[in-house]
Amino acid sequence: MNKEELDITNLHWVLQILQNIEVGLIVFDRDYNVKVWNGFMENHSGISSVVAKDENLFTLLPTLPKSWFQYKTESVLKLGIQAHCNWQQEPHILNFENTRPFTAESDLMFQNVTLFPLFSTDKQIHHICALVYDVSEEANNLLKLKTISQTDALTQLVNRGHWQTAV
């Protein structure tokens, strides 16, 4: 296999990985038009990558908190650094159904999102990548622990811990 064939094979593998990884991958331009939409996004949004391509992110995901997301994105564009958003700041950034509805506290998926700039060859930022992580299991476990820590095991009444955090 020559170098060109090997490069094509490696690129093919990378594309398969990005399409099938259990992390959402969205690449969008400065106008929030989608350029890449992977399998995770297809599976959880119900929108195919063919439909998503070149569509506005806020049109595709109308429940995405627009002003909050734009604020986060602008900091990435201005500073050229990553921004992290966790579920405790914004529990359901994307209103995707929870994949474990019977064991969960919420019908919706909890997500963490990482935004980072994609620099072009001229060192300019024309696109941003958003990685969306399903952290529902961790979030639900933490929420259950919080409930347990504020409830008396015998009576199921709220305890002192509940009243201390309620103030």
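Residues take their numbers from the sequence shown, with the count starting at 1. Values in this document were obtained by computation on a predicted structure and should not be read as measured data. Atom set for the values below is all heavy atoms of this structure, side chains included, hydrogens, waters and symmetry mates excluded.
In this pair, Phe28 and Tyr32 present their aromatic rings parallel. The plane angle is below 30°, not in the 30 to 60° band. Ring geometry for Phe110 against Trp87 counts as perpendicular: the plane angle is over 60°, on a 0 to 90° scale with 30° as the lower cut. Under the 30°/60° scheme for interplanar angles, the aromatic rings of Phe69 and Phe58 are found to stand perpendicular.
Looking only at side-chain heavy atoms (C-beta outward), Met109 and His44 come within less than 4.5 Å of each other. Asp54 places none of its side-chain heavy atoms less than 4.5 Å from the side chain of Val34. You'll find the side chain of Met41 stays beyond 4.5 Å of the side chain of Ser49, heavy atoms only. At least one side-chain heavy atom of Lys72 sits under 4.5 Å from a side-chain heavy atom of Gln89. Using a 4.5 Å cut-off on side-chain heavy atoms (C-beta onward), Leu60 and Trp37 make contact. At a threshold of 4.5 Å between non-hydrogen side-chain atoms, the residues Leu25 and Cys129 count as touching. No side-chain heavy atom of Asn98 sits under 4.5 Å from any side-chain heavy atom of Asp107. For the pair Leu94/Val132, a side-chain contact is recorded, criterion being any heavy-atom separation below 4.5 Å from C-beta on.
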| said: Could you go through Phe96 and Asp134, starting from their C-alpha distance and side-chain angles, then the distance that decides it, and tell me whether this counts as side-chain contact (heavy atoms from CB on, under 4.5 Å)? | reply: CA-CA 10 Å; Phe96 291 164; Asp134 178 1; over 6 Å; no
| Worked check of side chain to side chain donor-acceptor pair (under 3.5 Å) between Gln82 and His84 | CA-CA 7 Å; Gln82 291 186 4; His84 302 279; 3.2 Å; yes
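Using modelled atom types, one finds no donor on one side chain facing an acceptor on the other under 3.5 Å when comparing Ser48 with Glu42.
A donor-acceptor pair under 3.5 Å links the side-chain atoms of Arg30 to the main chain of Ile125, judged by distance alone. In terms of modelled atom types and a separation under 3.5 Å, the side chain of Asn38 and the main chain of Ile26 share no donor-acceptor contact. With hydrogens and angles ignored, the 3.5 Å screen pairs no side-chain donor or acceptor of Glu97 with any backbone N or O of Leu108.
Annotation: the span from Lys53 atom NZ to Ile47 atom CD1 amounts to 15.5 Å, rounded to 0.5 Å. The CG atom of Asn33 lies 9.0 Å from the CG atom of Leu57; values are rounded to the nearest 0.5 Å. Of the inter-residue distances, the one linking Ser75 atom OG with Lys78 atom NZ reads 8.5 Å to the nearest 0.5 angstrom. With values rounded to the nearest 0.5 angstrom, Ile128 atom CD1 is found 13.5 Å from Lys35 atom NZ. Here NE2 of His126 is found 11.0 Å from CG of Leu118. Values are rounded to the nearest 0.5 Å. Atom CG in Asn86 sits 5.0 Å away from atom CG in Asn112 (nearest 0.5 Å).
Taken together through direct or relayed side-chain contacts under 4.5 Å among Ile, Leu, Val, Met, Phe, Trp and Tyr, Tyr71 and Leu77 form parts of separate hydrophobic clusters. Cluster annotation: Phe40 is connected to Val51 through the hydrophobic network of ILVMFWY side chains, with a link wherever side-chain heavy atoms come within less than 4.5 Å. Clustering ILVMFWY residues whenever any of their side-chain heavy atoms sit less than 4.5 angstrom apart, transitively, puts Tyr133 in a cluster other than the one holding Leu61. Two different hydrophobic clusters hold Val27 and Leu115 under the rule that ILVMFWY side chains link at heavy-atom gaps under 4.5 Å. Val36 and Val50 end up in different hydrophobic clusters when Ile, Leu, Val, Met, Phe, Trp and Tyr side chains are linked at under 4.5 Å.
Residues Ala130 and Val113 share a closest heavy-atom pair of CB-CG1, 4.4 Å.
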